[in-house]
Asker: 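Handing you this structure, nothing more for now.
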2 protein chains.
Amino acid sequence: MNAPVAIDYDRVVSDTQSDGRRPVFAAERRQRILELVRANGAVSLRELAQAVHSSEVTVRRDLRALESEGLLNRHHGGATLPGELSREAGYAHKVSLEAAEKGAIADLAGALVEDGDAIVIGPGTTTQEFARRLTRHAELAVVTNSLLVAQVLAGSPRIEVMLTGGTLRGPILALVGSAAEQSLAGLRVRRAFISGNGLTAERGLSTPNMQVAGVDRALAAAAEEVVVLADHTKVGVDTMVQTVPPDRIDHLVTDDAAPRDVLDDLSARGVRLHVAQF
Amino acid sequence: MNAPVAIDYDRVVSDTQSDGRRPVFAAERRQRILELVRANGAVSLRELAQAVHSSEVTVRRDLRALESEGLLNRHHGGATLPGELSREAGYAHKVSLEAAEKGAIADLAGALVEDGDAIVIGPGTTTQEFARRLTRHAELAVVTNSLLVAQVLAGSPRIEVMLTGGTLRGPILALVGSAAEQSLAGLRVRRAFISGNGLTAERGLSTPNMQVAGVDRALAAAAEEVVVLADHTKVGVDTMVQTVPPDRIDHLVTDDAAPRDVLDDLSARGVRLHVAQF
DNA sequence: AGATTTCCGATCAGATTCGTTCTCGTTCGG
DNA sequence: CCGAACGAGAACGAATCTGATCGGAAATCT
């Protein structure tokens, strides 16, 4: 079903050697696609097809293959760099996860703050929820290394918010590194509200990331008392780096789905417990 | 058999010319909506639609999706941060104001950045738009005192973002105070991208706030070259505190609605002009 | 309390894009 | 020399996204 094709492809002699060189190989095309996406951050399917001189179907196939390798993200109409948008999805999932528990914990922890206090707040979804409860307080001075906490409190004129410096750790929107730790060095506040990734009676608070661990230690060191906010999914689990030893934890705020034996152990070590009921 | 095909694909294909504009995907649009809401605490539906260049219906759909993920709360007229009482806007409509000019200025300023650069970015809606253009660059080191700029760049793994410390100035979400200035003291980068509130040939860049002025000075002092981003509404106006004298300004990026005489004066003082055309 | 304005939700239509299937040309092996 | 295998383009139907319109609900004003 074709008239004599008058189209002159750029593909030329291929009969001579099996070691042909002119035809555009699939791997080369995919490499170019990847370069284009990396260069622009987001490229439409049509542009890609035009750029590599192939049909949209072919590009679509390539994109599917590249996506399965995790090299890019595919969307309606084109492709984007991985991570830029998928991060939000991951974070969104975390927010909705145990949202009710986090809220109850935040409520309970709010009772540990009084007007006129100076406190430190670490990063995390639970502490962010906790920060929301603070807007009703007056004359608070809050130090934090979390951009999300800072933004939550930004609109409250009666709360003074100070951010530590430091390099931004994208996935959690928190400041880490030596600059962050140093800016906390000369500080002394009443209480620190921290929420790590794991908490056991033996090793205390822990987190899987070295940099985050460093700042968490600095946050705890700046406060007279350390308050740990941890929902039941974190109680009893241990992650890589220890940040706050058990005897340095003064309060633990959690929910009643946390394992009892761990709570008892912690209580025996002098940690005051605040358990949110459902 | 067949009649000669009357279809001429070659002509039809060129219907949609790609004018180099980057495609806007649904996910990206939602990301921007989320940023706007997070930045302002509360944004009206109309403003959102204007800011992302979509219809209100589409924005409404996006808001519904984002709400179901727990990322924001929506009610009559717009959306707010989850669990947050509505805050005063006023910053929101500044974003949409002269959005086209700001975008063009940001595009132009993007040409002043090269891969591997170390730069400083000040607070402001224009600089935020500028930061959005940087995500395609690689191996950038960015220092800023703006939470919005930091957030825009947070998702780019190839850009290292450093925030200055300091106390948070709520309305503009920027860090100010002596802590912010000191953290910039030992720093030396190639270029600083700043956007004050007013710019004249006689007094240079100025801002109505003392604290902001202090940081702006520190930002400029940390860079070899100072680049000012200012749309036409700021050119020719003078505000209270001078931050950067005219002879310290190396580049000015603005749009072609700026008063010519002021631009000429600045050019005579050695400022290189980059004027975005419409 | 009633009227008006504004905004929300639902349905519909248009356009675009995606996935599948089919076909063609090339390459490799017997 | 011929057939199978593979890659690539074309076409069709399905799914999705976007924008417009209309009735109803909510908020505001008088």
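Numbers restart at 1 for each chain; the letters A, B, ... are given by sequence-line order, proteins then strands. All values derive from a computational prediction rather than experimental measurement.
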Asker: In whole angstroms, how far is the C1' atom of D/dT18 from the CG atom of B/Leu63?
Answerer: 15 Å
Asker: Can a side chain N or O of A/Arg46 be found less than 4.0 Å away from OP1 or OP2 on C/dT17?
Answerer: yes
Asker: Could you list all N or O pairs between the protein and nucleotides 19-26 of chain D that sit under 3.5 Å apart?
Answerer:
{"residue": "D/dG19", "atom": "OP2", "partner": "B/Ser55", "partner atom": "N", "Å": "3.4"}
{"residue": "D/dG19", "atom": "OP2", "partner": "B/Ser55", "partner atom": "OG", "Å": "3.3"}
{"residue": "D/dG19", "atom": "OP2", "partner": "B/Thr58", "partner atom": "OG1", "Å": "2.5"}
{"residue": "D/dG19", "atom": "N7", "partner": "B/Arg61", "partner atom": "NH2", "Å": "2.9"}

Asker: Rounding to an integer number of Å, can you tell me how far A/Arg74 CZ sits from C/dT16 C1'?
Answerer: 15 Å
Asker: Report yes if some heavy atom in the side chain of A/Arg132 is under 4.5 Å from a heavy atom in the side chain of A/Glu129; otherwise report no.
Answerer: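 With C-beta onward as the side chain, the pair touches.
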Asker: A/Leu48 CG to C/dT17 P: how many Å, rounded?
Answerer: 12 Å
Asker: Going by an N to O cut-off under 4.0 Å, is there a salt bridge joining A/Glu67 and A/Arg74?
Answerer: yes
Asker: For D/dG7 and A/Arg29 - does any side-chain N or O of the residue sit under 4.0 Å from the phosphate oxygens OP1/OP2?
Answerer: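 Checking A/Arg29 against D/dG7: no side-chain N or O falls below 4.0 Å of OP1 or OP2.
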Asker: Hey, does A/Val113 have a side-chain heavy atom less than 4.5 Å from the side chain of A/Phe130?
Answerer: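 Counting from C-beta outward, A/Phe130 and A/Val113 do come under 4.5 Å.
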Asker: Could you give the CD-to-C1' distance, from B/Glu56 to C/dC7, as a whole number of Å?
Answerer: 9 Å
Asker: For A/Arg60, enumerate each residue passing the salt bridge (Lys or Arg N to Asp or Glu O under 4.0 Å) test, keeping only those at least two apart in sequence or located in another chain.
Answerer: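 If we apply the salt bridge (Lys or Arg N to Asp or Glu O under 4.0 Å) test to A/Arg60, skipping adjacent residues, the hits are A/Glu56.
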Asker: Do the side-chain N or O atoms of A/Arg64 get closer than 4.0 angstrom to the phosphate oxygens (OP1, OP2) of C/dT17?
Answerer: no
Asker: Using atom types as modelled, flag every donor-acceptor pair under 3.5 Å from a side chain in residues 138-149 of chain B to any protein atom, sequence neighbours excluded.
Answerer:
{"residue": "B/Thr144", "atom": "OG1", "partner": "B/Ile121", "partner atom": "O", "Å": "2.8"}
{"residue": "B/Thr144", "atom": "OG1", "partner": "B/Ser146", "partner atom": "N", "Å": "3.0"}
{"residue": "B/Asn145", "atom": "ND2", "partner": "B/Leu175", "partner atom": "O", "Å": "2.9"}
{"residue": "B/Ser146", "atom": "OG", "partner": "B/Leu148", "partner atom": "N", "Å": "3.2"}
{"residue": "B/Ser146", "atom": "OG", "partner": "B/Val149", "partner atom": "N", "Å": "3.1"}

Asker: Any sub-3.5 Å donor-acceptor pair from A/Ser44's side-chain atoms to A/Gly77's backbone N or O?
Answerer: no
